[in-house]
Amino acid sequence: MKKTVRFLIVLIAAFLLMLVFRSVGVTLYTVEGDGLSPSLIAGDRVLVNRWSYGLRIGGSRSLFNYGRICKQPIAKGDLVAFENPLDSAHHEVFVCRCVALPGDSLMVDNVKTVVPCLDNCATADYYWLESINPDNPVDSRSLGFIAEEYIIGRAVLIMYSRNPSAPLWNGWRSDRLLLPI
């Protein structure tokens, strides 16, 4: 009886530690489309480091004000995981490349645009995030500027990949196993 209780306690503790680590440390997301092909393709399971830009706390979908613990800057070229700012019900997550930082200027539809930042009296720092594929722009081209509070972290590793249209026992891509991004 004591061994069973001890086993259950260890099992519950391991489960709770995994939940804490997943919500605070790193998270896995599945890439749905080919917007960043060939870097990321549909079916890749991507490891996202939640601490890469500082641990995000609070925000518009929380009871607490937005903030970051140990805040670090986002760099141009980073593959960034972010929540869809227009759809709070489904918690969709996208991965795009950071093209412009707060205060940068860029051309959008042949119009010079400046990315809003706190120094320019904006309410938050914003980023311009783009996929490579212009035919499927689930990025700043369709969502607009992405506020920092929606950014989860930096995609750092492809854990594994599986062709989503293949049967369960087939379609595993061994060449994409533990592939750094």
Side-chain angles (χ1 to χ4, degrees), residues 22-57 59-60 66-87 91-120 122-162 164 173 175-181:
R22 186 157 186 246
S23 64
V24 174
V26 294
T27 304
L28 280 175
Y29 292 107
T30 302
V31 176
E32 300 290 335
D34 289 324
L36 287 170
S37 179
S39 300
L40 296 177
I41 57 176
D44 285 351
R45 289 285 283 185
V46 178
L47 186 73
V48 174
N49 180 356
R50 290 180 171 268
W51 280 92
S52 54
Y53 307 122
L55 183 63
R56 182 176 66 148
I57 54 172
S60 62
Y66 165 75
R68 289 203 183 256
I69 297 171
C70 300
K71 185 175 177 177
Q72 298 293 316
I74 297 171
K76 283 184 185 177
D78 283 357
L79 286 178
V80 177
F82 66 99
E83 293 176 344
N84 183 349
L86 304 179
D87 186 9
H91 299 288
E92 289 180 301
V93 174
F94 302 112
V95 178
C96 289
R97 189 169 307 281
C98 180
V99 175
L101 303 172
D104 286 353
S105 59
L106 67 150
M107 295 294 285
V108 179
D109 295 328
N110 294 323
V111 176
K112 185 177 178 180
T113 306
V114 176
V115 180
C117 63
L118 286 173
D119 293 342
N120 294 339
T123 57
D125 281 339
Y126 290 84
Y127 297 85
W128 188 265
L129 307 174
E130 278 189 15
S131 61
I132 296 170
N133 186 350
D135 297 331
N136 186 19
V138 183
D139 57 13
S140 289
R141 290 173 285 187
S142 60
L143 301 173
F145 296 111
I146 307 298
E148 185 179 288
E149 73 179 84
Y150 294 103
I151 294 176
I152 298 168
R154 187 169 57 89
V156 293
L157 182 73
I158 298 171
M159 293 296 289
Y160 62 91
S161 183
R162 190 182 154 288
R173 301 175 180 129
D175 60 325
R176 299 186 69 77
L177 180 68
L178 300 176
L179 185 66
I181 298 175

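Position 1 is the first residue of the sequence; numbering continues from there.
- Judged as a salt bridge (Lys or Arg N to Asp or Glu O under 4.0 Å), and not counting sequence neighbours, Arg154 has no contacts.
- Leu177 pairs by the side-chain contact (heavy atoms from CB on, under 4.5 Å) definition with Tyr160, not counting sequence neighbours.
- A side-chain contact (heavy atoms from CB on, under 4.5 Å) with Ile152 is found for exactly one of Val93, Thr27, Val80, namely Val93.
- Residues Leu178 and Met159 form a side-chain contact, since some pair of their non-hydrogen atoms from C-beta on lies under 4.5 Å apart.
- A pairwise comparison of heavy atoms in Leu36 and Ser131 identifies CD2-CA, 3.8 Å as the closest pair.
- No side-chain heavy atom of Val31 sits under 4.5 Å from any side-chain heavy atom of Ile41.
- Remark: side-chain polar atoms of Arg56 are paired, donor with acceptor, to backbone N or O of Glu149 under 3.5 angstrom.
- Taking the side-chain hydrogen bond (donor to acceptor under 3.5 Å, both in side chains) definition, one finds that Asp78 meets it with Tyr53, sequence neighbours left out.
- The shortest heavy-atom contact between Ala155 and Val95 is CB-CG1, 4.3 Å.
- Annotation for Leu129 and Cys98: closest pair CD2-CA, 3.5 Å, computed over non-hydrogen atoms.
- Proximity of Pro102 to Leu118: side-chain heavy atoms (C-beta onward) are nowhere separated by under 4.5 Å.
- Summarising the geometry of Ser161 relative to Asp44, their closest heavy-atom pair is OG-OD1, 2.5 Å, with the distance given to 0.1 Å.
- Remark: Glu148 engages Tyr66, Lys71, Tyr127 in a side-chain hydrogen bond (donor to acceptor under 3.5 Å, both in side chains) (not counting sequence neighbours).
- In terms of the side-chain contact (heavy atoms from CB on, under 4.5 Å) criterion, residue partners of Arg162 (sequence neighbours excluded) are, by chain and number, Leu168, Trp172.
- Ionic pairing of Asp175 and Arg173 is not present here: no N-O contact between side-chain nitrogen and carboxylate oxygen is shorter than 4.0 angstrom.
- The two residues Ala42 and Pro164 make their nearest non-hydrogen contact at O-CD, 3.7 Å.
- Proximity of Lys76 to Asp104: side-chain heavy atoms (C-beta onward) are separated by under 4.5 Å at one or more points.
- Legend: residues meeting side-chain hydrogen bond (donor to acceptor under 3.5 Å, both in side chains) with Asn49, ordered by chain and number and at least two apart, are absent.
- With sequence neighbours left out, the ring pair (Phe, Tyr, Trp, His ring centres under 6.0 Å) criterion links Phe94 to Phe82.
- Counting only heavy atoms from C-beta outward, the side chains of Thr113 and Phe145 approach each other to under 4.5 Å.
- Exactly one of Ile57, Leu55, Ile151 qualifies for a side-chain contact (heavy atoms from CB on, under 4.5 Å) with Arg68. That residue is Ile151.
- Every side-chain contact (heavy atoms from CB on, under 4.5 Å) that Ser105 has, sequence neighbours left out, goes to Lys112, Val114.
- When all heavy atoms of Val115 and Ala100 are compared, the pair lying nearest together is CG2-CB, 3.7 Å.
- No side-chain heavy atom of Ile181 sits less than 4.5 Å from a side-chain heavy atom of Val156.
- Scanning for side-chain hydrogen bond (donor to acceptor under 3.5 Å, both in side chains) contacts around Thr30 gives Arg45, with sequence neighbours left out.
- Under the rule for a side-chain contact (heavy atoms from CB on, under 4.5 Å), the partners of Leu179 that lie at least two apart in sequence or sit in another chain are Ile158, Arg176.
- The shortest distance between side-chain heavy atoms of Ser140 and Ile146 falls below 4.5 Å.
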